[in-house]
A.B. asks: 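A single structure is presented below for examination.
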Amino acid sequence: MSDPIVLGIETSCDETGVGIVQGNTLLSDALASSVEQHARFGGVVPEVASRAHVEAMLPTIELALERAKLKITDVDAFAVTSGPGLAGALVVGVAAAKSLALSLDKPIYGVNHLSAHVAVDQLENGPIPQGALALLVSGGHSSILKVDDLTKPIQSLGSTMDDAAGEAFDKVARLLGLPFPGGPWIDKAAKTGNPEAIKFPQGFTNPEDQKDHAYDFSFSGVKTAVLRWIQNHQLTNQDLPVNDIAASFQKAVVEVLVKKTFKAAKDFGIDTVIIGGGVAANSQLRALANSEGEKHNLRIRIPRPGLCTDNGAMVAALGSELISKNVKPSNLEFAVDPSQPIELTII
Ligand code: KG4
Ligand code: ZN
């Protein structure tokens with residue numbers, strides 16, 4: 001019998017994502033983003049995001065079905081992000097998924113957005129081996145996770161104590177006068193900048209941090225250091241070396257992410273590292289993880305950039321994985337959980 005067709009819906013932040021997956025095969029992925037409506041505010045405005053999800057939901061579902069050459073009645077199960085994320089935004093996706101599941105009499109899986117960022121890797125790199133490590137770096141989270149089985153609770157080894165990595169990219173971009181979201185812009189500016197121009201701090205890398213914070217991150221220090229550097233520079237000079245600052249900041253963040261992840265892999269005897277979340281789209285993070293992985297004999301798995309940032313395929317991928325492991329669907333009465341913990345894969 002062929003694997004069930006799973007349609008996944010993602011609305012935790014500003015992207016309305018709908019993906020269709022069968023087994024580990026991606027059949028289609030459609031995305032509508034409200035990012036341009038938030039840009040002038042320098043961050044996502046929850047009410048604006050919710051309204052945009054309502055408007056984009058049906059056209060995005062239709063586009064995903066059209067691209068997969070399927071009808072809605074061909075779908076065997078629905079998966080939807082139940083959390084973590086913006087409450088009002090999550091409600092839109094969950095309401096849509098529930099209506100479809102109820103009217104078509106199909107099962108529904110309310111799943112964790114963070115686990116889905118890890119699960120999506122299966123679509124490109126095949127089944128995740130037992131005992132892998134995952135570095136999850138997005139706009140809201142930065143964690144090192146131990147993943148034994150995506151259907152079991154994921155264990156967090158460490159996470160950020162303040163800003164998330166993506167948040168630091170976005171805030172520093174703002175200081176540099178670059179558009180929101182800043183990650184891709186810093187990535188681009190850094191390509192023509194000198195990463196050695198300025199030495200920015202890397203949080204929790206002092207010897208005394210090794211006891212309690214070996215796998216934890218802190219990005220507020222580097223952000224403040226960039227601010228101070230800009231303020232000092234502007235006392236005597238009006239021209240800001242944007243590309244050098246971007247490259248130096250990016251180097252500080254990317255190096256600490258790779259260093260701590262590789263230390264965790266070594267300490268726990270793990271040979272496979274998955275990197276996911278929006279910041280995993282960063283070209284320098286991908287390059288450094290891959291080159292260091294080769295040196296240290298670690299298998300590095302990173303999905304293509306379009307599957308690192310928020311999308312519907314990741315939700316469908318996790319739904320498909322849960323079905324393949326015979327996990328029971330969610331009860332149709334489930335509510336969204338804006339602070340759904342990483343340990344809770346399915347609600
Ligand atoms: O996973 P994601 O799409 O949404 C959340 O779940 O938060 O991650 C969004 C974050 C933003 O902070 C964005 O600036 C960052 O990912 N990002 C990047 C890049 N592309 C997206 N950061 C660095 N380099 C990139 N190329
Ligand atoms: Zn995300």
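Quick caveat, the model's predicted, so the values are computed rather than measured. Ligands are counted one by one from 1 in listed order, and the atoms in each one are counted from 1 as well.
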A.B. asks: Take atom CD in E294; do more than 12 heavy atoms of anything else shown fall under 6.0 Å from it?
C.D. replies: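 Atom CD in E294 is not packed in, count stays at 12 or less.
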
A.B. asks: Would you call C13 a ligand 1 contact, heavy-atom distance under 4.0 Å?
C.D. replies: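 It does not, in that no heavy atom of C13 comes within the 4.0 Å cut-off of ligand 1.
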
A.B. asks: Show me which atoms of ligand 1 lie under 4.0 Å from any heavy atom of G140.
C.D. replies: 7 (O)

A.B. asks: Looking at H117, pick out the N, O or S atom nearest to the Zn ion (ligand 2) and give its name.
C.D. replies: NE2

A.B. asks: Salt bridge or not for K171 and E167, using N-O below 4.0 Å?
C.D. replies: yes

A.B. asks: Could an N or O of ligand 1 be found under 3.5 Å from any N or O of G166, whether backbone or side chain?
C.D. replies: yes

A.B. asks: Hey, which atoms in ligand 1 end up nearer than 4.0 Å to a heavy atom of A281?
C.D. replies: 20 (N), 26 (N)

A.B. asks: Using a strict threshold of under 4.0 Å (side-chain N to carboxylate O), is an ion pair present between E292 and K259?
C.D. replies: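 No, no charged N to carboxylate O under 4.0 Å.
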
A.B. asks: Angle subtended at the Zn ion (ligand 2) by OD1 of D310 and NE2 of H113, to 10 degrees?
C.D. replies: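 That angle is 100°.
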
A.B. asks: Please report whether ligand 1 has a polar contact with F169, defined as an N or O pair separated by less than 3.5 Å (distance criterion only).
C.D. replies: no

A.B. asks: Output the list of atoms in ligand 1 that are nearer than 4.0 Å to some heavy atom of D187, sorted by atom number.
C.D. replies: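 In order of numbering, the contacting atoms are 24 (N), 25 (C), 26 (N).
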
A.B. asks: Could you check, using the six-membered ring where one of them is a Trp, whether F180 and H38 have ring centers closer than 6.0 angstrom?
C.D. replies: no

A.B. asks: Is it true that the side chains of S283 and D187 contain a donor and an acceptor less than 3.5 Å apart?
C.D. replies: yes

A.B. asks: Measure H113 to ligand 1 on non-hydrogen atoms and call it side chain, backbone, both or neither using the 4.0 Å cut-off.
C.D. replies: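 Near ligand 1, H113 shows its side chain, while the N, CA, C and O stay back.
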
A.B. asks: For D170, take its heavy atoms, then give the atoms of ligand 1 lying under 4.0 Å from any of them.
C.D. replies: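 Numbered from 1, ligand 1 contributes 11 (C), 12 (O), 13 (C), 14 (O).
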
A.B. asks: By number and element, which atoms of ligand 1 are closer than 4.0 Å to a non-hydrogen atom of G278?
C.D. replies: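 Per the distance check, 1 (O), 2 (P), 8 (O), 16 (O), 17 (N), 18 (C), 19 (C), 20 (N), 21 (C).
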
A.B. asks: Identify whether the distance between the nearest side-chain nitrogen and carboxylate oxygen of E321 and K325 falls below 4.0 Å.
C.D. replies: yes

A.B. asks: Quick check on the 6.0 Å ring-centre criterion: do F169 and F219 meet it?
C.D. replies: no

A.B. asks: Quick check against the 3.5 Å criterion: does K260 have a side-chain atom that pairs as donor or acceptor with the backbone of F204?
C.D. replies: yes

A.B. asks: Below 3.5 angstrom, do we get any N/O pair linking P181 and ligand 1?
C.D. replies: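 Among all N and O atoms of P181, none is under 3.5 Å from an N or O of ligand 1.
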
A.B. asks: Without swapping roles, check the side chain of Q22 against the backbone of D3 for a donor-acceptor pair under 3.5 Å.
C.D. replies: yes

A.B. asks: If you measure from each non-hydrogen atom of H117 to ligand 1, which part falls under 4.0 Å: side chain, backbone, both or neither?
C.D. replies: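 Contact part for H117 vs ligand 1: side chain (C-beta onward).
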
A.B. asks: List every atom of ligand 1 that sits less than 4.0 Å from any heavy atom of G139, numbering the atoms from 1 in the order shown and giving each element.
C.D. replies: 5 (C), 7 (O), 8 (O), 9 (C), 10 (C), 12 (O)

A.B. asks: Taking distance alone, with no angle check, do N282 and ligand 1 share an N/O pair under 3.5 Å?
C.D. replies: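 By distance alone, the answer is yes.
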
A.B. asks: Is C13 close enough to the Zn ion (ligand 2) to have an N, O or S atom under 2.8 Å?
C.D. replies: no

